[in-house]
Every structure is written in C-alpha cells, then in structure tokens.
Colleague: 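Structure below; questions to follow.
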There are 2 protein chains.
Amino acid sequence: MNAKEIEIYDKIKQAIIQQKLLPNMQLVEKEIAESFGVSRTPVRNVLRRLAYERLVKIIANRGAFVTSSSKREATEVFEMRRILEVEAVKKACQLATAEQLFELEQMVEEEENSHLHIDYYDAIQMSGDFHLKIAEIAGNSYFYQYLEDLISLTHVIISIYGKTQEEKDACLHHRHIFHAIKKRDEQLAAELALEHLIDMEEHLQFRDKNQFSASLTEIFNNN
Amino acid sequence: MNAKEIEIYDKIKQAIIQQKLLPNMQLVEKEIAESFGVSRTPVRNVLRRLAYERLVKIIANRGAFVTSSSKREATEVFEMRRILEVEAVKKACQLATAEQLFELEQMVEEEENSHLHIDYYDAIQMSGDFHLKIAEIAGNSYFYQYLEDLISLTHVIISIYGKTQEEKDACLHHRHIFHAIKKRDEQLAAELALEHLIDMEEHLQFRDKNQFSASLTEIFNNN
DNA sequence: ATATAAGAAATTGTATACAATCTCGTATGC
DNA sequence: GCATACGAGATTGTATACAATTTCTTATAT
C-alpha cells in the first residue's frame with residue numbers, strides 16, 4: 001500500500017474502532033472515494049485489505065460492511081490472543097533491551113497519568129499499543145501482524161458487547177506485566193498476561209439470541 | 001475474491017509452491033493477465049492478496065516478486081508454526097469427532113500408501129493438508145487462516161533451503177500424532193507435534209551469507 | 001389489498017486509457 | 001575512458017467508462 005491508500009486505510013480503521021462507523025453499516029465505495037478526493041480504485045484496495053483483516057465483510061456484488069462479530073467470533077479472537085500474547089510476553093522477557101523496557105514503562109506511565117483527562121478512545125488506543133509493544137519486543141513479526149488485527153477486532157467486539165474492565169484495572173495489570181518482564185520472570189509474566197485477557201473477556205456481556213428476541217417483542221408491544 | 005480471482009490465486013500459489021515460479025522472479029501483471037485471458041485488474045487483486053500472505057513481495061512502482069525468505073524469516077515461520085500447532089493439536093484432542101478422526105486417519109493412510117508412486121509435490125501437498133486438517137479440527141478459524149499461510153511459506157522455505165526429512169519419517173510422525181489425538185492425549189500429541197516441527201526445521205540447510213559470497217568468488221575464479 | 005413482474009436506480013465488477021515511475025541503453029561532455 | 005545526463009521502453013498506479021448484479025420502486029393483474 002502506498003501513502004494514499006495507507007491514509008484511507010488508517011482513517012477507515014480508526015472510524016470503525018471509534019464507532020463512527022457502526023457494525024453492519026455499508027461502506028459505499030463511491031462515497032468514500034469522493035470524501036477522500038480519489039477514484040474508487042484505491043478505496044477498493046483498502047476495503048479488500050480490511051476484509052482480509054476481518055474488520056469489514058465483503059459480500060460479492062453487494063458491497064463492504066463493517067464487521068459485526070458474533071459471540072463465537074469474539075471467543076475465537078480472545079482465544080487466539082491468549083495463545084499469542086502468552087508466548088509473546090515470554091519471549092519479551094528473554095529479549096527486551098534496556099531501551100525497550102524504558103519505552104514500555106513510559107507507555108504504562110502515560111496510561112496511568114492520563115487516566116481522567118483523556119478521551120475514551122484514546123484510552124483504548126493506548127491500551128492496545130501496550131499489547132502491541134510487547135508483540136514488537138517479542139521479535140517475531142508474526143506476533144505483531146496477527147495481534148495488530150486481533151486487537152483492532154477486540155475494539156469492535158468491546159463496542160458491541162460492552163466495555164471491558166475499568167481503565168484503572170487495565171493500567172494496573174499492565175504495570176504488573178511490565179514488572180514481570182523487567183524481572184525477566186517468564187512464568188509470572190505469562191500468568192499475568194493470561195489473567196489480564198481472561199479478565200477482559202469476562203467483562204463482556206453477551207446477550208444471547210433468545211434474550212434479544214424477547215427484547216424485540218418487548219419493544220413492539222410496549223407502547 | 002470471486003471465482004475468477006480464486007482460480008488465478010490458486011494457480012499462482014501452486015506455481016510458487018511447486019517451484020515453477022522461483023524466488024525473486026518478477027510476476028508481471030500484463031503477462032499473467034494475458035495468460036488467464038483477463039485484464040490486469042483481477043491479477044492486481046490477487047497479487048496484493050499474495051503479498052499480504054507474504055508469498056510475494058510487492059515493491060512500489062516496481063512490481064511483485066516471488067518471496068525469497070531469509071534465514072531469519074524462515075526461523076520466524078517455524079517458531080510461529082510451533083506455537084500455533086502445539087495449541088491446535090491440543091484443542092484437536094478435545095474436539096475431534098469420530099468422523100473427523102476417521103478423515104484424519106484416511107489422510108495418514110493415503111500418505112503412507114502413496115509413498116513411492118507419487119509426485120514429490122503431491123507428497124508435500126498431502127503433508128501440508130494433514131497439518132491443516134488438525135487446524136480445522138481445532139475449531140478456531142484463526143488456526144486455519146494463519147497456518148494455511150505459514151504452511152505455504154514453509155513449502156517455499158523448503159525449496160530454498162533444501163528438503164526436510166524423508167517422507168517416510170514425516171508419515172510416521174503423522175501416524176503417531178494421529179494416535180495421540182485419537183487417544184485424547186493432549187500432552188503426548190503436543191510433544192509429538194513439537195518434535196515433528198523441530199525435526200523439519202533441523203533438516204534445513206542454511207547457507208550463511210559469508211559462505212554464499214565465498215562460493216561466488218569460487219565460481220568466478222574456478223575455471 | 002396483495003402478489004407478482006417489470007424496470008429504474010444504485011452499487012459493485014471489469015476492462016481500458018492515460019499518468020507516473022522506474023530501468024536501462026545511449027549519447028555527450030570532460 | 002569515465003561519469004553524467006537524457007530519452008526510450010517497460011511496468012506499475014490511477015481514473016474512468018462500461019458491464020453485470022442487486023435492490024427498490026412502481027405498475028398491473030387478480
């Protein structure tokens with residue numbers, strides 16, 4: 001992807017993560033193209049890429065739609081994150097340089113300091129960046145590539161199934177994980193990372209279909 | 001991707017895996033388009049997808065080239081395969097249905113029976129399919145998506161850095177792994193899968209750059 | 001009034017023309 | 001002879017025109 005496409009890609013991705021583009025919403029090529037002042041060609045390229053990352057779903061001859069993860073898909077995302085992040089944090093314990101540890105600590109501190117006076121979306125962005133930094137330190141580019149996509153999807157999942165834990169708790173977890181990495185304690189770091197992810201997933205509120213149908217009839221019979 | 005693009009995708013991918021398209025070879029859009037009787041548009045889409053899977057490398061304004069994995073990249077691929085396949089085989093132990101076990105055993109038997117009287121590329125195809133079947137049984141679509149790409153890359157890596165173990169050995173490993181899955185022995189299956197992958201990697205012969213340079217001067221000064 | 005069919009509008013899919021970029025050979029100056 | 005500059009050729013990148021498909025509206029028959 002060239003500079004132009006990367007800009008379009010970033011903007012759409014951010015809009016999805018920040019819920020400016022909601023799940024199931026159609027992304028019409030012509031509209032996007034006009035808003036960026038380009039032809040449909042680069043827009044189509046970007047949408048295809050986003051589809052490969054599962055942030056949008058392309059239906060042949062119908063168009064591209066913002067992804068709407070099912071409970072099952074959300075569960076798959078978290079399972080894969082647990083597998084990858086547990087291994088990534090272990091490798092990070094082995095490989096982190098002094099400079100990388102410094103940068104990681106800075107990210108935790110930034111998260112802690114900007115607790116209250118910051119936008120909600122900036123907060124989840126920073127939280128995701130912490131996880132990605134560990135993937136980067138782990139030194140295998142697949143950790144980064146895969147987790148970048150999985151973390152983006154996590155943001156969408158959170159937007160659908162309710163916010164996860166308090167920001168405070170997440171920061172605290174990150175702080176603990178950082179300490180474990182700094183101490184090169186693989187076992188502890190892995191356990192903390194795993195608990196952190198389990199905690200995130202447990203805070204989701206899946207409304208099952210029956211419940212949803214029930215509330216639908218409620219809506220129509222109510223007034 | 002629609003039917004037309006999938007056909008082009010499969011053909012190019014297979015050609016790379018079967019070394020009909022060699023590493024660093026340029027894939028000129030116009031040539032491919034003409035050979036398939038289509039315009040450059042669908043070809044470009046396919047090349048982009050292959051680039052995302054790292055089977056080809058796209059250089060801006062230069063074109064698409066068949067990937068030529070470095071030693072480092074090969075190491076990353078095998079590391080990620082170990083991580084994913086160990087987990088996948090554990091989940092397969094938990095989830096495999098009777099039908100899936102039957103299908104898996106059939107694949108092993110087919111491998112064993114077709115030992116001698118079969119094309120080399122069919123053999124590695126079958127070997128890859130065994131690994132992918134376990135990913136499928138593991139029931140998380142990311143196992144399949146990720147391993148499909150990693151296994152394709154493994155084929156390219158093997159073509160660059162020499163064949164791995166004897167087919168016989170690979171079949172035997174697969175047979176043992178199948179037995180462990182059938183017995184629902186997660187620990188054993190995981191160990192066998194790990195050993196199998198380590199064995200594959202150890203059979204690669206990395207020629208380091210110095211050695212390569214040396215042989216270059218050798219070539220030019222030899223006769 | 002409802003169901004069905006036809007057609008108009010909107011959207012995606014494909015081919016093609018043109019623009020931008022890179023490569024490589026050739027000429028020119030020193 | 002060597003380096004540099006220029007230009008032709010080849011290739012990718014982008015916009016646009018047209019084709020195919022789907023969706024929505026509207027007309028018509030029952």
Side-chain angles (χ1 to χ4, degrees), chain A residues 1-16 20-69 156 216 220, chain B residues 1-16 19-70 156 216 220:
Chain A
M1 295 204 301
N2 56 32
K4 191 182 289 185
E5 286 180 1
I6 288 172
E7 192 206 331
I8 298 169
Y9 168 83
D10 286 338
K11 289 266 174 67
I12 295 178
K13 189 170 174 178
Q14 211 180 0
I16 292 173
K20 289 169 185 167
L21 295 171
L22 296 172
N24 292 315
M25 208 173 256
Q26 182 166 9
L27 303 171
V28 176
E29 295 171 1
K30 195 184 170 195
E31 289 177 17
I32 297 170
E34 283 170 358
S35 82
F36 282 101
V38 298
S39 76
R40 282 169 51 213
T41 308
V43 174
R44 285 176 64 82
N45 292 336
V46 167
L47 290 176
R48 276 170 168 270
R49 165 102 186 226
L50 287 167
Y52 195 72
E53 297 173 4
R54 306 204 201 186
L55 269 183
V56 312
K57 188 178 180 184
I58 290 178
I59 303 175
N61 293 313
R62 286 277 318 279
F65 301 83
V66 178
T67 201
S68 172
S69 298
V156 175
L216 256 188
F220 294 132
Chain B
M1 293 206 304
N2 56 34
K4 191 182 291 185
E5 286 180 3
I6 288 173
E7 191 205 332
I8 299 169
Y9 168 83
D10 286 339
K11 289 267 174 64
I12 295 179
K13 189 171 173 177
Q14 212 181 358
I16 293 173
Q19 299 185 55
K20 288 170 186 168
L21 295 170
L22 296 172
N24 292 316
M25 206 173 258
Q26 182 166 8
L27 303 171
V28 177
E29 295 171 1
K30 195 185 169 192
E31 290 176 16
I32 297 170
E34 282 170 358
S35 83
F36 281 99
V38 296
S39 75
R40 281 170 52 214
T41 308
V43 175
R44 284 176 65 81
N45 292 334
V46 168
L47 289 176
R48 276 170 167 267
R49 164 102 187 227
L50 288 167
Y52 194 73
E53 296 173 5
R54 306 204 199 186
L55 269 183
V56 312
K57 188 178 180 183
I58 290 178
I59 303 175
N61 294 315
R62 285 278 320 278
F65 301 83
V66 178
T67 202
S68 172
S69 298
S70 64
V156 176
L216 254 188
F220 293 132

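Each chain gets a letter, A, B and so on, in the order the sequences are listed, and its residues count up from 1. Every heavy atom of this structure was used, including side-chain atoms; hydrogens, water molecules and symmetry mates were not.
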Colleague: Under the salt bridge (charged side-chain N to carboxylate O under 4.0 Å, His left out) test, which residues partner A/Glu7, sequence neighbours left out?
Modeller: A/Lys11
Colleague: For DNA chain C, what residues of residues 39-50 of chain A have any heavy atom nearer than 4.0 Å?
Modeller: A/Arg40, A/Arg44
Colleague: In residues 21-38 of chain A, which ones come under 4.0 Å of DNA chain D, going by heavy atoms?
Modeller: A/Val38
Colleague: Restricting to salt bridge (charged side-chain N to carboxylate O under 4.0 Å, His left out), what partner residues turn up for A/Glu5, sequence neighbours left out?
Modeller: B/Arg48
Colleague: Verify side chain to side chain contact (heavy atoms under 4.5 Å, CB included) between A/Leu22 and A/Val66, making sure each step is shown before the conclusion.
Modeller: CA-CA 7 Å; A/Leu22 296 172; A/Val66 178; over 6 Å; no
Colleague: Please name the pair of heavy atoms, one in B/Leu50 and one in B/Lys13, separated by the smallest distance, quoted to 0.1 Å.
Modeller: CD2-CB, 4.4 Å
Colleague: Taking all heavy atoms of A/Val46 and all of A/Tyr9, pick out the closest pair and write down the distance.
Modeller: CG1-CA, 3.6 Å
Colleague: Start with the C-alpha distance between A/Glu29 and A/Leu47, add both sets of side-chain angles, then the distance that settles side chain to side chain contact (heavy atoms under 4.5 Å, CB included), and finish with yes or no.
Modeller: CA-CA 9 Å; A/Glu29 295 171 1; A/Leu47 290 176; 3.9 Å; yes
Colleague: Output the rounded distance in Å from CE (A/Met1) to C1' (D/dT12).
Modeller: 17 Å
Colleague: What pairs of residues pass the salt bridge (Lys or Arg N to Asp or Glu O under 4.0 Å) test when at least one of them lies in residues 50-62 of chain A, not counting sequence neighbours?
Modeller: A/Arg49-A/Glu53
Colleague: Just do the side chain to side chain contact (heavy atoms under 4.5 Å, CB included) check on A/Ile16 and A/Val56 with the steps written out, would you?
Modeller: CA-CA 9 Å; A/Ile16 292 173; A/Val56 312; 3.9 Å; yes
Colleague: Could you tell me the separation between the CD atom of B/Gln19 and the CE atom of B/Met25, rounded to the nearest 0.5 Å?
Modeller: 10.5 Å
Colleague: Considering only heavy atoms of chain B and a distance under 4.0 Å, specify the first and last nucleotide of DNA chain C in 5' to 3' order that meet this criterion.
Modeller: C/dG13 to C/dT23
Colleague: Can you name the nearest heavy-atom pair linking B/Val43 to B/Ser39, along with the distance?
Modeller: CG2-O, 3.8 Å
